Amino acid sequence: MKLTSSLIRELDRLARDHGWSNTELARELGVHRSILVHARGGRRRLTSDTLSQIALRFGASPGIRDLVWNYLAVEHP
């Protein structure tokens, strides 16, 4: 069983906090919803473009910055 990355779990939490659906979160990030669905299911890695979008949208949060780095360095090197 593939574990969901810490970054994806945090994005899900942020979406809930903002009252966003998966589609609205994807729109906020400028990506297609299926990218997040596949990443959540462990079927696809987030691309550098998607990680860049996450950092641009939520990067003011030190936690998100740390999770992006952790995703790159530990979870999907």
Side-chain angles (χ1 to χ4, degrees):
M1 178 180 182
K2 181 82 172 164
L3 295 176
T4 303
S5 81
S6 301
L7 178 58
I8 294 295
R9 287 193 308 270
E10 181 63 10
L11 287 173
D12 287 343
R13 186 195 65 75
L14 286 169
R16 279 192 311 276
D17 289 354
H18 284 87
W20 295 335
S21 67
N22 288 332
T23 301
E24 290 166 324
L25 174 61
R27 189 177 311 121
E28 285 290 320
L29 295 174
V31 300
H32 193 273
R33 185 183 68 82
S34 67
I35 290 172
L36 299 177
V37 170
H38 288 295
R40 188 175 293 113
R43 294 179 299 276
R44 181 185 291 170
R45 293 181 181 151
L46 296 174
T47 65
S48 58
D49 287 342
T50 302
L51 291 169
S52 175
Q53 290 299 106
I54 293 167
L56 286 171
R57 178 60 179 90
F58 297 112
S61 162
I64 289 289
R65 284 196 309 265
D66 290 347
L67 289 172
V68 168
W69 280 112
N70 184 68
Y71 186 89
L72 288 167
V74 177
E75 294 178 352
H76 293 287

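What you see below is based on every heavy atom in this structure, not just the backbone, and it leaves out hydrogens, waters and symmetry mates. Here the structure is a predicted model, which is why all the values come from computation and not from measurement.
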Strictly by side-chain hydrogen bond (donor to acceptor under 3.5 Å, both in side chains), give each pair with a member in residues 50-60 just once, sequence neighbours left out.
Glu28-Arg57, Thr47-Thr50
Name all residues meeting the side chain to side chain donor-acceptor pair (under 3.5 Å) criterion together with Thr23; count only those two or more places apart in sequence or in a different chain, and write none if there are none.
none
Using 0.5 Å steps for rounding, measure from the CG atom of Leu56 to the CD1 atom of Ile64.
12.5 Å
Non-neighbouring partners of Arg45 that pass side chain to side chain donor-acceptor pair (under 3.5 Å), sequence neighbours left out
His76
Quick one: list whatever passes side chain to side chain donor-acceptor pair (under 3.5 Å) with Asn70, sequence neighbours left out.
Glu75
Arg27 CZ to His32 NE2 distance, which is reported to the nearest 0.5 Å
11.0 Å
Could you note down all residue pairs passing salt bridge (charged side-chain N to carboxylate O under 4.0 Å, His left out) where residues 12-21 supplies at least one of them, sequence neighbours left out?
Glu10-Arg13, Asp12-Arg40, Arg13-Asp17
Whether Tyr71 side chain and Leu51 backbone form a donor-acceptor pair below 3.5 Å
no
With sequence neighbours left out, what residues match Ser61 under side chain to side chain donor-acceptor pair (under 3.5 Å)?
none
A side-chain contact here means heavy atoms from C-beta on lying under 4.5 Å apart; do Leu29 and Phe58 qualify?
yes
Quick check: closest heavy atoms across Ala15 and Leu25, and the distance to 0.1 Å?
CB-CD2, 4.1 Å
Is it the case that the side chain of Arg44 and the backbone of Ala39 share a donor-acceptor pair, with hydrogens and angles ignored and the cut-off at 3.5 Å?
no
Compare every heavy atom of Ala60 with every heavy atom of Arg65, then report the nearest pair and how far apart it is.
NH1-O, 3.6 Å
Leu46 versus Ile54: any side-chain heavy-atom pair under 4.5 Å?
yes
Taken to the nearest 0.5 Å, the spacing of Ser6 OG from Asp66 CG works out to 11.0 Å
